[in-house]
Amino acid sequence: MEDIARIFEWAGIGVIVVATLVTLWVGAATLHARGTAAAYDAARESFGRGLLASLEVFVAADLIRTVSVDLTLEGVGSLALLVVIRTILSFSIDVEINGVVPWRARSSSSGDAPRSGPS
């Protein structure tokens, strides 16, 4: 099980590497199409979403390791602390990407403002 947890950790690193490459691609394409400010925003959002995905994979690796390899009170306490820290990081990144806290995002995108264009 230790090897499986290590595979998940490497997968998390792989997600970060792929997110970086996708971010560079998205940033370059957006820079060419819409300019610097839009490219920065698109790259920032793309990389932030990659980091969120990698955090989920790292939490899975920690869960596997703790439950199957290090099932002690100290190991469970360490896991709880890591999950809390990574949850706070995920929340912070999500707020940074979307600009609003998650429970406000749904109400702000529900169509309060009239839309223009074809219906």
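- Counting Ile, Leu, Val, Met, Phe, Trp and Tyr side chains that sit under 4.5 Å apart, directly or through other members, L31 stands alone, with no cluster partners.
- For I7, the side chain to side chain contact (heavy atoms under 4.5 Å, CB included) criterion is met by no residue, not counting sequence neighbours.
- Smallest separation of non-hydrogen atoms from T30 and A42: OG1-CB, 3.7 Å.
- V84 belongs to a hydrophobic cluster whose other members, connected by ILVMFWY side-chain contacts under 4.5 Å either directly or through intermediates, are I88.
- Cluster partners of V59, using a side-chain heavy-atom cutoff of under 4.5 Å among ILVMFWY residues and allowing indirect links, are L63, L79, V83.
- Judged as a side-chain hydrogen bond (donor to acceptor under 3.5 Å, both in side chains), and not counting sequence neighbours, the contacts of D94 are N98.
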Extract all donor-acceptor atom pairs below 3.5 Å that involve side chains of residues 10-28 and protein atoms in other chains or at least two apart in sequence.
| from | atom 1 | to | atom 2 | distance (Å) |
| --- | --- | --- | --- | --- |
| T20 | OG1 | I16 | O | 2.8 |
| T23 | OG1 | A19 | O | 2.6 |
| T23 | OG1 | S46 | OG | 3.4 |
| T23 | OG1 | F47 | N | 3.2 |

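- Taking R44 as the reference, E96 meet the salt bridge (charged side-chain N to carboxylate O under 4.0 Å, His left out) condition, with sequence neighbours excluded.
- Here the closest non-hydrogen pair linking S90 and L55 is OG-CD1, 3.4 Å.
- Annotation: F8, atom CZ; neighbour count of heavy atoms from other residues, nucleotides and ligands within 6.0 Å does not exceed 12.
- Between E56 atom CD and L51 atom CG the span is 12.0 Å, to the nearest 0.5 Å.
- A single hydrophobic cluster is not seen to contain both I64 and F58; linkage of ILVMFWY side chains at heavy-atom distances under 4.5 Å, directly or through other members, places them apart.
- Listed by chain and residue number, nothing satisfies the side chain to side chain contact (heavy atoms under 4.5 Å, CB included) test with A29 (two or more places apart in sequence, or in another chain).
- More than 12 heavy atoms of other residues, nucleotides or ligands lie within 6.0 Å of CZ in F91, so this atom counts as buried by the packing criterion.
- Counting heavy atoms from C-beta on, the side chains of L82 and T66 never come closer than 4.5 Å.
- The salt bridge (charged side-chain N to carboxylate O under 4.0 Å, His left out) contacts involving residues 30-41 comprise nothing, where partners must be two or more places apart or lie in separate chains.
- The salt bridge (charged side-chain N to carboxylate O under 4.0 Å, His left out) contacts involving residues 9-28 comprise E9-R65, where partners must be two or more places apart or lie in separate chains.
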